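What follows is a structure written as structure tokens; I'll ask about it next.
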Amino acid sequence: MRVLGVRHHGPGSARAVRAELERLRPDVILIEGPPEADGLVAHAPGCEPPVALLAHVPGDTSRAAFWPFAVFSPEWQAILYGTRSGTPVQFCDLPASHSLAMNGREGFSRDPIGELAAVAGYDDPERWWEDVVEHRGDTPFDVIAEAMTALREGYRPDEREARREAHMRRTIRAARKAGHERIAVVCGAWHVPALTEPFPTAASDDALLRRLPRVKAELTWVPWTYGRLAAWSGYGAGIASPGWYHHLFTVADRPVERWLAEAAAVLRAEGLVVSSAHVIEAVRLAEALAALRGRPLAGLGEVTEAARAVLCEGDELPVGLIQRRMVVGDRLGQVAEGTPMVPLQRDLRDHQRRLRLKPDALRRELDLDLRKPLDLERSHLLHRLRLLGVEWGAAEEARGKGTFRETWTLEWRPEYDLALIESAALGTTVRAAAAQRARDRCAAAVSLAELTELVERCLLAGLPEAMPEVLAALSARAALDADVTHLMAALPAMVRAHRYGDVRGTPAEGLATIAHSMLERIRVGLPVAVSGVDEGAAAGLLEHIDAVHSAVALLSEEPSSDERDRWLETLRGICDRGEPHGLIEGRLTRILLDAGSLGDAPERMSRAMSRGNTPARAAAWVEGFLAGGGLLLVHDPRLLELVDSWLAHLTGDQFTEVLPLLRRTFSEFAAPERRAIGDRLKAGARTVSAGEQVDEERAAPAVRTVLTILGRGT
């Protein structure tokens, strides 16, 4: 038996394992990993790494584990050797049915590589491993075994680790009993001493493995990404520079020169000027740094420093680009066609091929024109996946005008396969599963806003089969909900769904009736809802009022609709009563003014700022009235004069009281608006009325201060 202790994602270990297996020609290969995956080994040659074994408990998304493999993983090279040569390959770690039942990650309480690096005088375990293993061109398995034996002297593994190693020994005994003489074991270097004879007795191992908790576990291959290789996996391994390790494994000669040449190509693709001379000098600097540091070959640290100094000329931004594109990498693996999948996964892959939406680990933007059948189908697919919890696409603000456009940011993540597997019981196709998820959410919805959002999402996803049930629940909930704020929160999504549903050709009969009914109840209840509220509640109501006002504008585009006039009549009635919070009254006055339904805005502002109102209420009124921009003060000198006069007549204490509100209001104006208001005031927006005398004695200190600032003081 030969035990090959490796680093789980080490290119040097991968090369050494491949060479050692060629030399040994074993009868069987045992690999650290869940034994339930033995039947999946035959699919490995058709996969394109990085891929991972996914183990999960059906119906429980919290119990899942991944065992990732890259092309430079020693275990992957052992699998490929076994499938090419016809050598049986078996996994020997604790079964996933037990490890998932124990609901914990596999891992160690100590870092053996870090300890060996520290003994050797290195402060970076990665750099030590590169120097003593990766840059040698082979892995000294006997030396590593000796080092691990020394590290484990006096060490007692915890219960989980002891069970894992007991199961590995049990698998070795079973291989011998099956008649295999030449056995090769590929495992993490830390486990080598535990798998080297003399073994503990079979009885003691059986005692450790007796009565272990068990759950039903299912396994399959799923695509993985290099970015995710830094995460913990089923055996607790992760690396920070998978792109660099891929380069070391796949490039046979002159790795430093080829790496820096590729880095130059990445920078040139972004429009940066990088010449061949830059590359030559960067190579020289990397090699010089390695020599100064006593390293056998320039490592990632040296090539990064060389790229920063020469290719990037000290700029960290392009260095970050090299880090993302090359050091980590954006490679996304693929699984073989015959890999076991749930029907939902297979349906998604069929859609991805047909709609030319290839999953990619690199973020990219996708612009859709919904008037085109292909783009409309793409939009439906992305929205359906979002209903299933697969956020492959994130909706962004569309470029250009019109309701026919959508912009998405796409980025595929490996865990989306797990979400699809967990949704498999909902249906065999993405459409059927999304429709069933909508029905389930409809039954579980606790608020009116949830139901209206669900209606909108069903329309966006093109799911007319789910609409009758969702609309029925919405209608029933809307009829019973007497809270005006709930109705106001729900109406905008309802109106959007009604207004834009026909853009996608999705029927949504009944939406208009529900929307008009909800708006009527809002008009009746709003005057009471805005009475006697404090500042916090007033601010929340304003957000709802603005959203409903925008929704009414959409409803009013229907032929013969009088919704807008009736809505504005309601708002005017609230203002005329003079009872709401100043913030609300000011905002409603501004809405009416912008709608052309108010001819006495200056008089209303004058009343709001009169001595009969406290400065705090007046300031709140101004904040509500001016929310959203200050152009009104620029173009209406009378309103500006009213605000200016009110401020001028405040006492010092009153001004201090209202200053935070005013500062918040004016700070939201755009800089050009603030500048224009200042210019208007400087030009005399407020003039001295006839007969009004200026107190020159009181003005003198201010005049002297201004002249000093202007450099004209005496």
Side-chain angles (χ1 to χ4, degrees), residues 401-404 448-449 452-453 455-456 459 474-475 478-479 481 483-503 508-531 538-581 583-605 621 624-629 631-632 635-636 639:
K401 297 180 179 179
T403 59
F404 293 96
L448 190 59
T452 52
E453 180 197 7
V455 169
E456 186 176 22
L459 285 171
L474 174 63
S475 180
D481 200 326
D483 193 318
V484 173
T485 57
H486 292 172
L487 295 170
M488 296 175 75
L491 183 67
M494 174 65 64
V495 173
R496 284 195 304 269
H498 167 59
R499 174 66 178 81
Y500 298 130
D502 59 345
V503 174
E509 294 82 359
L511 279 177
T513 301
I514 298 174
H516 287 290
S517 173
M518 290 170 62
L519 182 56
E520 181 64 30
R521 295 171 61 199
I522 290 171
R523 283 197 297 265
V524 172
L526 185 58
V528 177
V530 299
S531 300
L541 276 169
L542 273 192
E543 293 183 6
H544 289 314
I545 290 171
D546 285 340
V548 171
H549 184 64
S550 299
V552 169
L554 294 178
L555 277 179
S556 299
E557 295 179 8
E558 299 178 358
S560 305
S561 175
D562 61 349
E563 293 290 6
R564 176 179 179 274
D565 294 338
R566 298 173 65 190
W567 168 248
L568 294 176
E569 183 182 345
T570 300
L571 300 187
R572 182 162 190 144
I574 294 173
C575 287
D576 289 343
R577 291 193 315 176
E579 295 179 0
H581 191 279
L583 190 65
I584 294 177
E585 185 178 344
R587 181 60 185 154
L588 297 188
T589 303
R590 176 63 179 274
I591 290 175
L592 292 167
L593 178 64
D594 291 345
S597 299
L598 200 66
D600 59 346
E603 288 76 9
R604 290 175 181 269
M605 176 180 277
W621 195 99
F625 185 76
L626 297 178
L631 282 177
L632 192 63
H635 297 297
D636 193 328
L639 293 179

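If you're wondering where the values come from, they're calculated on a predicted model, not measured in any experiment.
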Do Asp546 and Arg587 have side chains that approach each other closer than 4.5 Å (heavy atoms only, starting at C-beta)?
yes
**Message:** Please determine whether a side-chain nitrogen of the Lys or Arg among Arg590 and Glu585 lies less than 4.0 Å from a carboxylate oxygen of the Asp or Glu.
**Reply:** no
Heavy atoms of Pro492 and Ala489 approach each other most closely as CD-O, 3.8 Å
Can you tell me if Glu520 has over 12 outside heavy atoms packed within less than 6.0 Å of its CD? yes
Do Val548 and Leu519 pass the side-chain contact (heavy atoms from CB on, under 4.5 Å) test, and can you show the C-alpha distance, the side-chain angles, and the key distance before you say yes or no?
-> CA-CA 8 Å; Val548 171; Leu519 182 56; 4.1 Å; yes
Value for CD (Glu569) from CG (Asp576), rounded to nearest 0.5 Å, stands at 10.5 Å
Practice problem: Evaluate the criterion side-chain contact (heavy atoms from CB on, under 4.5 Å) for residue pair His544 and Leu491; output intermediate values, then yes/no. | Solution: CA-CA 9 Å; His544 289 314; Leu491 183 67; over 6 Å; no
What one should report as the nearest heavy-atom pair of Cys575 and Leu592 is SG-CD1, 4.1 Å
Between Arg523 and Met518, is there a donor-acceptor pair closer than 3.5 Å when you use the side chain of the first and the backbone of the second?
no
Separation between CG (Leu571) and CG (Leu526), nearest 0.5 Å, reads 7.0 Å
Rounded to the nearest 0.5 angstrom, the NE2-CG distance for His549 and Leu568 is 6.5 Å
Nearest heavy-atom approach of Leu541 to Ile584 is CD1-CD1, 4.1 Å
Interatomic distance, OG1@Thr570 vs CD1@Ile545, rounded to 0.5 Å, equals 11.0 Å
Here the gap from Ile591 atom CD1 to Trp567 atom CH2, rounded to the nearest 0.5 Å, amounts to 7.0 Å
